[in-house]
Amino acid sequence: MAVKNRWLALIGLTISVLVVGFDTTILNVALPTLATDTGASTGELQWIIDSYAVVFAAAMLPAGFLGDRFGRRKLLIVGLLIFLSGSVIGTLVETPGALIGARTVMGLGAALIMPLTLSIIPTLFKDEEQTKAIALITVGVSIGLPLGPLIGGWLLDHFWWGSIFIINVPLVAIGIIACLLLIPENRDPSAPRVDVISAVMGIAGLGAFVYGVIEGPAKGWGDPVILASMIGGVLMLVGLVLRERRQSRPMVDLELLGNPVFRWNTIFLILGMFVFMGLMFVLPQYLQVIQGNDAFGTGVRLMPLMAGMIVVAKIVPPLTVKVGTRPLVIAGLLIMSAAMFLGSTTDTGSGYGFTVVWMILTGLGVSLVMVPALDAALAALPKGKEGTGSGLNTTLRQVGGAIGIALLGSVLSAVFADRLDTSGVPPEAAEAADESVVAAQTVAAQLDLPQLARSAESAFVDGMSMVLLVCGIAGVLAAALAAAKLPDSRETEKTGEAEDQPLPEAALSDRVDGARQ
């Protein structure tokens, strides 16, 4: 393939992964609008976000195997078409349930797009060109994260909420055209059959468990459906682990977790995603509903959080060489905890300046945990296990984010419902008000009950404070765990010098996905 065509193909691939980055954050600024226009409850808002994350995480496991067996270009095109279908559906639906379905379809497409895009890079580029290509992909997925709230906010201020999905359509179309015209097919003839049972167990198990966590506050933790969902989900995930341990080429190679460097760094990556995605569910609602910003203004006001993350991404590599991974991870966890404790003192009269302080600290802390931990985890993978290990790491991070939205969103929902004062409100209206802060304010406006609106704001802030308090306590405990268990990366590098190899293509490629997080 001519050089010009290779780079044109890369541009198409970069645009393809850009939509995956967009849709990680673009919908968060739309949550209050969705609650108003569709009547979605807090639980339904959690599902609108988490349906994408859950399917993305679980379906990513078999994606690489499918590409190896049936053709990487072919499956990438399939993923783009699935993502396109979900986006089109998202522009047309009007109910929370239908939107959850659209997001589920998009999550399935994203699960194919991300790993297969990365697996195609080594077939187009070699040596130094490959490094440059991966750098460009990194830029593509990295800018999607901060641009998501900005573009989503602008679209919401000028069009209807379904417009946030329309931006995906031309971008995905460009990716499909690039695949058809510029990328050769590539497959592994020796690839084994995909274990359909394991794939179904992974998706169904994770989905059932997250369902229980999200719906528990509303239906009661003792509800038979909730208990069956959570227990059934755990049993399916345990069954997946046991089944995969018997496979010669497992989708989930849990033997890699026997390496303490990989295991502990992955654990702290999961925690970082848990906090970040949970916070991204709560913060946009606070900035819009409580502080009164429009959607675009909310996107702009989220930038300090992203700025802290970008600064750390630049300073961490030289710091890691000097002090190692462990001190940085511990410092990051403590900074994150301090930010969470500071944020938990927020009240309804707190201004945006106060929010900026703890947002910047949160971005610094989360990135100080995730950037060095990701590098250390990938560097610890043994030769021949780079692809499986990076896939496992990526999936576990996505699972951490999905559970963060589910669990922390449920804490918010439970505290809000408990603190909301509906005295004097008709029973049906009170039940509707319990669904979310937007619903409560809508009821208050319709019935001319300013005291209900004030109570809703106060109850939401109390719920957000509890979420931040939980994150802060978890961070302190994790810092103590890191001090006790996390291996010193400089010592492990010294002991491994005799077997040191250049970073494998698969592991290097996974850094692209890590940058998005």
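Quick caveat: nothing in here was measured; it's all calculated off a predicted structure.
Checked by atom type and distance alone, the side chain of R419 never pairs as donor or acceptor with a backbone atom of A459 at under 3.5 Å. The backbone N or O of P32 lies less than 3.5 Å from no partner atom in the side chain of Q288, so there is not a single donor-acceptor pair. Not a single donor-acceptor pair under 3.5 Å links the side chain of T348 to the backbone N or O of E457. Between the S410 side chain and the V213 main chain, a donor and an acceptor come within less than 3.5 Å of each other. No donor-acceptor pair under 3.5 Å is formed between the side chain of S367 and the backbone N or O of L364. Checked by atom type and distance alone, the side chain of D418 never pairs as donor or acceptor with a backbone atom of A414 at under 3.5 Å. Counting only distance, with no hydrogens or angles, the side chain of R103 and the backbone of Y52 share no donor-acceptor pair below 3.5 Å. The closest donor-acceptor contact from the side chain of N293 to the backbone of L287 lies under 3.5 Å. Using a distance-only test at 3.5 Å, with no hydrogens or angles considered, a donor-acceptor pair links the side chain of S465 to the main chain of S344. Looking only at distances, no side-chain donor or acceptor of T362 sits under 3.5 Å from a matching main-chain atom of A339.
The CG atom of L155 sits 11.5 Å away from atom OG1 of T33, with the distance rounded to the nearest 0.5 Å. Annotation: the span from M370 atom CE to L271 atom CG amounts to 9.5 Å, rounded to 0.5 Å. The CG atom of L368 lies 8.0 Å from the CG atom of L319; values are rounded to the nearest 0.5 Å. The structure places CD1 of I100 at 6.0 Å from CD of E44, a figure rounded to the nearest 0.5 Å. To the nearest 0.5 angstrom, L408 atom CG is 4.0 Å from F274 atom CZ. Going from atom CD of Q46 over to atom OG of S413 covers 6.5 Å, rounded to the nearest 0.5 Å.
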When you look at D50 and F281, which way does the side-chain contact (heavy atoms from CB on, under 4.5 Å) test go after all the steps?
CA-CA 10 Å; D50 244 354; F281 178 79; over 6 Å; no
Where do I82 and M106 land on the side-chain contact (heavy atoms from CB on, under 4.5 Å) test, with the steps shown first?
CA-CA 7 Å; I82 292 172; M106 292 170 67; over 6 Å; no
Report the C-alpha distance between W264 and V329 in whole Å, list the side-chain angles of each, state the deciding distance to 0.1 Å, and finish with yes or no for side-chain contact (heavy atoms from CB on, under 4.5 Å).
CA-CA 11 Å; W264 287 109; V329 171; over 6 Å; no
side-chain contact (heavy atoms from CB on, under 4.5 Å), that's the test. Do Y352 and M359 meet it? Break it down for me.
CA-CA 10 Å; Y352 176 65; M359 273 202 299; 3.9 Å; yes
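The two residues V437 and A456 come nearest to each other via the heavy atoms CG2-O, 3.8 Å. Heavy-atom minimum distance, I226 versus G212: CG2-O, 3.7 Å. Between S51 and T104, the closest heavy-atom pair is CB-OG1, 3.4 Å. For the pair R397 and M273, the tightest heavy-atom approach, listed with the atom from each and the gap, is O-CB, 3.4 Å. Heavy atoms only, all atoms of each residue included: A377 and F262 are closest at O-CD1, 3.3 Å. The nearest pair of heavy atoms linking L468 to M340 is O-CB, 3.2 Å.
Considering only heavy atoms from C-beta on, T355 stays 4.5 Å or farther from T346 through its side chain. Between Y286 and V461, some side-chain heavy-atom pair lies under the 4.5 Å cut-off. In this structure, I473 and F341 have side chains that are in contact, with non-hydrogen atoms separated by less than 4.5 Å. Within the 4.5 Å cutoff, the side chain of L34 has heavy atoms near those of the I48 side chain. Residues L237 and V241 have side chains not in contact (no heavy-atom distance under 4.5 Å, counting atoms from C-beta outward). Contact check for M236 versus L206: no side-chain heavy atoms found under the 4.5 Å cut-off. With a 4.5 Å cut-off on side-chain heavy atoms, L302 and P284 count as touching. Using a 4.5 Å cut-off on side-chain heavy atoms (C-beta onward), L396 and I267 make no contact.
Residues meeting the salt bridge (charged side-chain N to carboxylate O under 4.0 Å, His left out) test with R243, sequence neighbours left out: D195. When the salt bridge (charged side-chain N to carboxylate O under 4.0 Å, His left out) test is applied to D294, no partner is found at least two apart in sequence or on another chain. For N259, the side-chain hydrogen bond (donor to acceptor under 3.5 Å, both in side chains) criterion is met by no residue, not counting sequence neighbours.
Residue-environment remark: CE (M466) stays at or below the threshold of 12 foreign heavy atoms within 6.0 Å.
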